[in-house]
J.: 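Take a look at this one; I'll ask things after.
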Amino acid sequence: MLNHVTAMATSLRQHLPFSSNHTSLDDSDVASYYRNHVAAVTGAGSGMGRELAIHLAKMGCHVALSDINPEQLAATKQLLANYDVNVTMTVLDVSDNKAVEAWADSVMSDYGKVNFIFNNAGVALYSTVEGSSISELEWVMNINFWGVVYGTKAFLPLIKNSVKQSQFGEHGHIINISSLFGLTAQPSQSAYNSSKFAVRGFTESLRQELNIQNCGVSATCIHPGGIKTNIANSARGNESIHDIGMSTGPKAIRSFNKFLKFDANEAAWIILQAAATNQQRCLIGNDAKMIDAIQRVFPSHYSQVLNDFHQLSRKLKPRRHKKLKTVE
């Protein structure tokens, strides 16, 4: 095990991307990229979607919000009430293609243009491959992957046309949220991995096509690590993961939430910077950057390396000694 960890540390020295090589922009430069533009955001009722909406509104970008939860969506809209931008909201199930198309048409009707689509809505499922039902797999794929496809397909021609018709050099961008789990696979996450790997492939292919077309529109794939959102609390799962030594129920949710450490507000700002600097791929959090680097160095053996690293870190972790109770 130590041999694996030593090899990993040596090999990763020149591969860890903890400092970005991309051109950085200050706040005013990022704001000018979005000011007086129109952005559509899915999953805007909470988490990164809500924080994206807030940042965009602060920068003077008009926002069209959507979410499947009407109460949370209304709460987000209320948070934007004091900003001098137009805000619309639509209760939306992103797995419904016709509904997404109708939403895109309404955004165009309301604003006369649209520049950005943030395909952010997502769900999680914990289950073994053997233990997951087809309906559970379809639930994850319909939202995490097909929701991104539907959003991209509905908004892309509208964004391209908005940029083409503009006389003021407006920007156009598609921002699709993949995951750290779109870079490496994990046990109990086969459905989630599948959906996020698919988003990655879809978005990277799209970006290449847009570059060839030179149409003024681009695409960025986002790979967040553990972000503090409600995804753990709303995740579905089943007891099949007991077969691989994992827990379900409240204990599983607590364990999942411990992994979610990165602030959603900061994550949203990093996403906005990534689009403004036209990054192809954006990793958020040191966990995402570390695991991405491990996968690059050990493409066929990263799971074993990660397991060895995890075991070593547990052994090196200071043990908490229980206080002895005294009997009086």
Side-chain angles (χ1 to χ4, degrees), residues 39-49 52 64-70 72-73 89-108 114 116-127 129 132-160 173-183 185-186 188-210 217-224 227 229-231 234-238 271 281-282:
V41 184
T42 69
S46 63
M48 291 194 303
L52 283 167
L65 311 176
S66 72
D67 197 280
I68 199 169
N69 187 306
Q72 292 180 349
L73 186 60
M89 69 176 197
T90 300
V91 177
L92 179 70
D93 178 357
V94 297
S95 68
D96 184 337
N97 186 28
K98 295 299 183 183
V100 175
E101 290 178 343
W103 177 49
D105 289 340
S106 70
V107 172
M108 196 67 184
V114 59
F116 312 108
I117 172 65
F118 293 83
N119 288 306
N120 166 74
V123 293
L125 169 74
Y126 53 88
S127 172
V129 172
S132 56
S133 67
I134 295 299
S135 62
E136 287 175 323
L137 293 169
E138 289 176 340
W139 174 69
V140 174
M141 292 299 295
N142 285 342
I143 295 171
N144 290 5
F145 175 61
W146 285 110
V148 169
V149 173
Y150 296 154
T152 300
K153 290 283 288 178
F155 280 92
L156 177 56
L158 303 179
I159 293 173
K160 291 175 73 172
H173 214 99
I174 293 173
I175 302 92
N176 292 337
I177 309 299
S178 178
S179 170
L180 161 61
F181 288 176
L183 301 170
Q186 304 292 328
S188 82
Q189 295 298 314
S190 57
Y192 191 77
N193 281 139
S194 298
S195 67
K196 295 302 185 178
F197 269 78
V199 168
R200 172 186 169 187
F202 176 78
T203 308
E204 291 181 0
S205 180
L206 169 65
R207 181 183 174 97
Q208 292 175 45
E209 294 169 0
L210 294 172
V217 180
S218 191
T220 295
C221 193
I222 309 296
H223 296 273
I227 310 299
T229 68
N230 290 326
I231 192 168
S234 60
R236 296 183 185 180
N238 58 58
I271 291 170
R281 177 185 296 182
C282 174

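Heavy atoms only: backbone and side chains are in, while hydrogens, waters and symmetry mates are out. For clarity, every value in this text was computed on a predicted model and none was experimentally measured.
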J.: Can you name the closest pair of heavy atoms from Ala64 and Val107 and give their distance?
T.: CB-CG2, 3.6 Å
J.: Of the non-hydrogen atoms in Val123 and Trp139, which two are nearest, and what is the gap between them?
T.: CB-CH2, 3.5 Å
J.: If every non-hydrogen atom of Leu137 is compared with every non-hydrogen atom of Ala191, which pair is closest and at what distance?
T.: CD2-CB, 3.5 Å
J.: Return the CD1 to OG1 distance between Ile175 and Thr203, rounded to the nearest 0.5 Å.
T.: 10.5 Å
J.: Looking at CZ of Phe118 and CG of Asn176, how far apart are the two atoms once the value is rounded to the nearest 0.5 Å?
T.: 10.5 Å
J.: Run the side chain to side chain donor-acceptor pair (under 3.5 Å) test against Thr220 and tell me which residues pass, sequence neighbours left out.
T.: His173
J.: To the closest 0.5 Å, what do you measure between CG (Leu73) and CE (Met89)?
T.: 5.0 Å
J.: Between SG of Cys221 and CG of Leu206, what distance do you get to the nearest 0.5 Å?
T.: 10.0 Å
J.: Who pairs with Ser205 by side chain to side chain contact (heavy atoms under 4.5 Å, CB included), at least two apart in sequence or on another chain?
T.: Glu209
J.: Quick one: does Asn120's side chain have a donor or acceptor within less than 3.5 Å of a partner on Ala44's backbone?
T.: no
J.: State, to 0.1 Å, how close Ile227 and Pro224 come at their nearest heavy-atom pair, and which atoms those are.
T.: CG1-CB, 3.6 Å
J.: I'd like to know if the side chain of Ser95 reaches the main chain of Asn142, judged simply by a donor and an acceptor atom lying under 3.5 Å from each other, with no hydrogens or angles considered.
T.: no
J.: Do you know which two heavy atoms are closest between Leu92 and Ser66, and how far apart they sit?
T.: CD2-OG, 3.6 Å
J.: Side chains of residues 145-156: which donor-acceptor partners sit under 3.5 Å, not counting sequence neighbours?
T.:
residue	atom	partner	partner atom	Å
Thr152	OG1	Asn119	ND2	3.3
Thr152	OG1	Val148	O	2.8

J.: Looking at residues at least two apart in the chain, or sitting in another chain, which of them share a side chain to side chain contact (heavy atoms under 4.5 Å, CB included) with Val129?
T.: Ser190
J.: Got Ile177 and Ile271 here, is their nearest side-chain heavy-atom distance under 4.5 Å?
T.: yes
J.: Work out which heavy atom in Val140 is nearest to a heavy atom in Ser195; give both atom names and the distance.
T.: CG1-OG, 3.9 Å
J.: Quick check against the 3.5 Å criterion: does Ser132 have a side-chain atom that pairs as donor or acceptor with the backbone of Ser127?
T.: no
J.: To the nearest 0.5 angstrom, please state how far the OG atom of Ser218 sits from the CG atom of Leu210.
T.: 6.5 Å
J.: Output the distance between atom CZ (Arg200) and atom CZ (Arg281), rounded to the nearest 0.5 Å.
T.: 4.0 Å
J.: Under the side chain to side chain contact (heavy atoms under 4.5 Å, CB included) test, which residues partner Gln208, sequence neighbours left out?
T.: none
J.: Can you list the residues that meet the side chain to side chain contact (heavy atoms under 4.5 Å, CB included) rule with Ser179, with sequence neighbours excluded?
T.: Phe181, Tyr192, Lys196
